Colleague: 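What follows is a structure written as structure tokens; I'll ask about it next.
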Amino acid sequence: MPSNTPTPRPGILDINPYVPGESSVPGGVKPIKLSSNETPLGPSPKAVAAYKAVADELDRYPDGAATALRDAIARQYGLNPERIVCGNGSDELINLLAHAYLGPGDESVYSAHGFLMYKIATLANGAKPIAVPEKAYKADVDALLGCVTPKTKVVFIANPNNPTGTYLANEEMRRLRHGLPGNVLLVIDAAYSEYVRRNDYEAGLELVATTDNTVMTRTFSKIYGLAALRLGWAYCPAAVADVLNRVRGPFNVTAPAIAAGVAALADRAHVERGIVHNEKWLPWITAEIGKLGLAVTPSVGNFVLIHFPTQKGHDAASADEFLKSRGIILRRVAAYGLPHCLRMTIGTEDDNRKVLAALSSFMGRA
Ligand SMILES: Cc1ncc(COP(=O)(O)O)c(C=O)c1O
């Protein structure tokens, strides 16, 4: 008997929907929101002006090829614009890559505390997600390679990773790529790359340039402060760019996003301010929270993973409630297999000091 209710494809109902960082606290007060790794500095005023300037042309479709934006990205990074594909956030590009390269019978491989979208995009396409244990909250190249089978079609890796903040050095990433079969697509998600200040780090451009099977994704949602506009891009081998251009929507990036993205890229002083701010407050937060007796995973991104004790009343859930009662929203990361942790985005100086004072009270230090 055929069912008389529509049934989604296998895998879809196994998806736990992505739960975004919370944005409100009880009592209607404006919260300190440090739950989505947004920049505390806001977007470049030049990007805002460019966005507003498009308001008179909303009746026109955008340029479906996002040519001005791809050219601006290509100029900024010294890339071939033909191999850049823009997306409605890098989330869309992750989904499109999964859509194009994963299907029933296939597997994707990613690290256990990797970004949640990899599992969601894999299941949405009927493939099997394989989460690989990490070492000290860091992706383990040997373990990842050890989980590759003839069914593996894609390896996703966020570098640095959200929510752990750890990264793979260039050498390790190269070892991962060269240990994978040629038919396996390596997706390096470099959403936080602008924040990384390490000599042994490379965002992924080199591997994309030198191999035929590596893609790097980037976003305008973090250091560029344009999360609301949903704008990301991928640098791809020519054949992968061709595939993405076949499956993406014809106008997947909006005209205001294209205009703001071009202007944001040009405002290097604003990006530099974001880097300098993070360089100052990331180590400060890490050290000060450490002094409260809470472990903080060393991070190279614009956020830190804070580990809480497991006893009731002292655990991450209790800390979350306590902070919320003070108008502060961090991110619960139980969905990432980290029920004893909270993730905190680096905020303004005032926000950072308020979180520290609140955590200090929670730990009974103040
Ligand atoms: C590692 C990682 N990749 C991708 C994204 C998605 O970014 P976008 O806003 O470009 O979709 C995020 C957002 O939090 C992220 O943390």
Side-chain angles (χ1 to χ4, degrees), residues 17-23 33-39 43 47 66 69 73 84-99 108 110-122 124 131 134 137-139 154-168 173 186-196 201 203-204 215-235 244 248-249 252-254 257-258 260-261 264-265 278 297 299-305 329-333 335-336 338 341 343-346:
Y18 185 90
V19 180
E22 291 177 68
S23 51
K33 179 180 182 291
L34 300 174
S35 58
S36 299
N37 296 344
E38 295 144 332
T39 172
L69 180 59
I73 294 168
I84 296 170
V85 180
C86 296
N88 192 255
S90 50
D91 279 347
E92 186 195 24
L93 295 162
I94 292 166
N95 275 318
L96 291 175
L97 288 163
H99 185 53
S108 79
Y110 53 90
S111 63
H113 306 304
F115 184 48
L116 276 182
M117 280 306 299
Y118 311 147
K119 181 176 182 184
I120 293 175
T122 301
E134 302 184 0
Y137 302 100
K138 184 181 148 183
V154 180
V155 172
F156 291 106
I157 186 134
N159 201 31
N161 184 52
N162 168 23
T164 54
T166 55
Y167 76 106
L168 284 185
M173 192 63 90
L186 174 63
V187 178
I188 303 175
D189 174 348
Y192 300 95
S193 56
E194 290 85 357
Y195 288 109
V196 185
Y201 172 81
V215 168
M216 175 194 67
T217 59
R218 301 285 282 261
T219 184
F220 281 88
S221 301
K222 307 301 174 184
I223 205 156
Y224 289 102
L226 297 176
L229 287 183
R230 314 303 304 122
L231 188 57
W233 56 282
Y235 193 50
L244 289 177
R248 70 178 175 84
N252 61 330
V253 177
T254 67
I258 293 171
L265 270 176
N278 207 59
T297 303
S299 169
V300 295
N302 67 335
F303 54 89
V304 288
L305 187 68
I329 308 177
L330 305 191
R331 181 65 162 266
R332 296 285 323 263
V333 280
Y336 286 88
L338 298 164
C341 299
R343 190 194 67 197
M344 172 187 173
T345 306
I346 304 303

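Both ligands and their constituent atoms are indexed starting at 1 by order of listing. Quick caveat: nothing in here was measured; it's all calculated off a predicted structure.
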Colleague: With a 3.5 Å cut-off and no angle check, do the side chains of S90 and T217 form a donor-acceptor pair?
Modeller: no
Colleague: Do Y18 and D91 have a side chain donor and acceptor closer than 3.5 Å?
Modeller: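 No, no side-chain donor-acceptor pair sits under 3.5 Å.
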Colleague: I want to check something: taking the side chain as every heavy atom from C-beta on, are L34 and F303 in contact at a cut-off of under 4.5 Å?
Modeller: no
Colleague: With salt bridge (Lys or Arg N to Asp or Glu O under 4.0 Å) as the criterion, how do K33 and E38 come out once you've worked through the C-alpha distance, each side chain's angles and the decisive distance to 0.1 Å?
Modeller: CA-CA 9 Å; K33 179 180 182 291; E38 295 144 332; 3.0 Å; yes
Colleague: Applying side chain to side chain donor-acceptor pair (under 3.5 Å), name anything that partners S35, two or more places apart in sequence or on another chain.
Modeller: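 Partners of S35 by the side chain to side chain donor-acceptor pair (under 3.5 Å) criterion come out as none, since no residue qualifies.
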Colleague: Decide side chain to side chain contact (heavy atoms under 4.5 Å, CB included) for N162 and R343; before the verdict, give the C-alpha distance in whole Å, the side-chain angles of both, and the deciding distance to 0.1 Å.
Modeller: CA-CA 9 Å; N162 168 23; R343 190 194 67 197; 2.6 Å; yes
Colleague: Collect the protein residues that have a non-hydrogen atom under 4.0 Å from ligand 1 and hand them over in chain and number order.
Modeller: G89, S90, D91, F115, A158, N162, D189, A191, Y192, T219, S221, K222, R230
